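One structure below.
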Amino acid sequence: MKNRLFTIAFSLFLSGSLMAQQGGRIGSHDAVSWKPVTVPTNSFASPNEGRNIGQQIIDVVGLSPNFEIREANVPNAAAVTYNGKRYVLYNPNFINQLERSTGTRWAGISVLAHEIGHHLNGHTITASGSQPALELQADEFSGFVLRKMGASLADAQAAMKTIASSTASATHPARYDRLTSIADGWNKADAQITGRPYVKSNPAPRPVEPVASTPQRRQATTSVLGRVRFNADPSTAYYVTNSYNLVRVRNNQAAVIGKLTASNNRRYPYIISDNSTQLYVDAYGNILNTSGRSVGKLTPGA
Ligand SMILES: [Zn+2]
């Protein structure tokens, strides 16, 4: 009975205005189109099992839990605070369905690990809810923990492959970035276990030199620093030159159509701009528009 009341209380606060006063969710993970289905119960359907898995995750990193794990009437899973206490909430039907569609129990464990990662990383709630940078931290934590628990990289990424959106939003990074963060965490743990050196799976593009504001000496030759592909125009070749111009090549004619500049934003280290538009380039070369939609990709190298 107590559990049931608790669930109802959470449903209310998650959907209502209580949230602003008493608590809120750190990660809102509603991108999944989740349909309630009746699935055979498995071990995860028991509240104890969810807590046991949470304890195993905690044991792997050797920290004390600063949260409680509860089944709840949430769309999928969430890290929340309520009356100053931290909770990891999960919908057992969602977990079961995810485990069935991915074919691995690690999928459900990775979802819990992600939410626990929010709490152990001390993520706090902001008005906007989820933030891409925090999501990537929680993803990395999940990859780290799953490697320590014995999962393969494919197992650690199985849930995200299924549920993440291929494009970034204002709150959530694109699937590619999230899988990369999981891989980074997994590789970090793997390096600790095997003694192999840790290699970040996707190095950021090489740093851009500050653009000189004084007139530059004319360079004798133009070379290519990177290639750009825009989703809306995939067949046209775009390049970033050594003078940081964005050049479009069409019918063997090159035209300067914009400029690449370095920014002081760590999440979006570069900006592509022309007279009317600004696009942001993240550390992996993904190009996003001002509403956070992925519009293309910058790849370093000629
Ligand atoms: Zn999250």
Side-chain angles (χ1 to χ4, degrees), residues 25-35 75-78 91 94-95 97-104 106-108 110-111 113-115 117-118 128-143 146 151-187 200-205 226-238 265 267-272 277-300:
R25 57 201 310 189
I26 294 157
S28 76
H29 304 110
D30 295 341
V32 188
S33 61
W34 175 74
K35 292 187 193 73
N76 38 64
N91 182 322
F94 166 75
I95 299 286
Q97 196 192 29
L98 186 62
E99 289 179 347
R100 275 161 50 109
S101 61
T102 57
T104 172
W106 290 113
S110 75
V111 167
H114 172 99
E115 303 303 343
H118 278 305
S128 58
S130 302
Q131 299 164 72
L134 302 189
E135 292 310 316
L136 293 180
Q137 272 183 21
D139 290 336
E140 187 176 328
F141 177 86
S142 146
L146 263 74
S152 70
L153 179 57
D155 286 333
Q157 292 177 321
M160 197 56 74
K161 273 192 179 138
T162 306
I163 62 182
S165 161
S166 64
T167 53
S169 70
T171 57
H172 283 73
R175 184 192 296 129
Y176 174 84
D177 289 343
R178 306 196 66 175
L179 292 174
T180 300
S181 287
I182 292 173
D184 282 345
W186 192 94
N187 282 320
K200 220 167 154 50
S201 53
N202 272 68
R227 284 170 294 124
V228 176
R229 203 187 61 87
F230 287 109
N231 300 344
D233 187 17
S235 58
T236 302
Y238 293 84
N265 182 330
R267 169 103 189 111
Y268 302 106
Y270 314 108
I271 297 168
I272 293 174
T277 317
Q278 277 207 336
L279 299 170
Y280 302 100
V281 185
D282 73 13
Y284 304 109
N286 298 304
I287 304 171
L288 300 106
N289 65 17
T290 47
S291 21
R293 244 187 112 76
S294 170
V295 297
K297 180 100 188 163
L298 166 64
T299 314

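This one's a predicted model, so the numbers in the text were calculated from it and none came from an experiment.
One N or O on the side chain of W186 and one on the backbone of A151 form a donor-acceptor pair closer than 3.5 Å. No donor-acceptor pair closer than 3.5 Å links the side chain of S142 to the backbone N or O of A138. Listed for the Q157 side chain is a donor-acceptor partner under 3.5 Å among the backbone atoms of L179.
Taking CG of N231 as the reference point, atom OG1 of T167 lies at 9.5 Å (rounded to 0.5 Å). Rounding to the nearest 0.5 Å gives a distance of 8.5 Å between CG of L136 and CD of E140. The OG1 atom of T104 sits 7.5 Å away from the CD atom of E99 when rounded to the nearest 0.5 Å. Taken from OG in S294 to CZ in F230, the straight-line distance is 11.0 Å, to the nearest 0.5 Å. Here CG of L98 is found 11.5 Å from CZ of R100. Values are rounded to the nearest 0.5 Å.
Heavy-atom minimum distance, I182 versus M160: CD1-CB, 3.7 Å. Between I95 and G108, the closest heavy-atom pair is CG2-CA, 3.9 Å. Here the closest non-hydrogen pair linking S110 and A156 is CB-O, 4.1 Å. The shortest non-hydrogen separation linking R229 to P234 is NH1-CB, 3.5 Å. Contact record, Y284 with S181: OH-OG, 4.4 Å, taken as the closest heavy-atom pair. For R175 against S166, the heavy-atom pair with the smallest separation is NH1-CB, 3.7 Å.
Counting heavy atoms from C-beta on, the side chains of H118 and Q137 never come closer than 4.5 Å. Taking the side chain as every heavy atom from C-beta outward, V228 and I287 approach each other to under 4.5 Å. Annotation: side chain of I272 is not in contact with side chain of Y238 (no heavy-atom distance under 4.5 Å). Inter-residue side-chain proximity for R293 and L288 is flagged as unmet; no heavy-atom pair is nearer than 4.5 Å. Annotation: side chain of I163 is not in contact with side chain of K161 (no heavy-atom distance under 4.5 Å).
Results of the side-chain contact (heavy atoms from CB on, under 4.5 Å) test with Y280 over V295, I271, N289, N286 single out I271 as the only residue that passes.
Taking T299 as the reference, nothing meets the side-chain hydrogen bond (donor to acceptor under 3.5 Å, both in side chains) condition, with sequence neighbours excluded.
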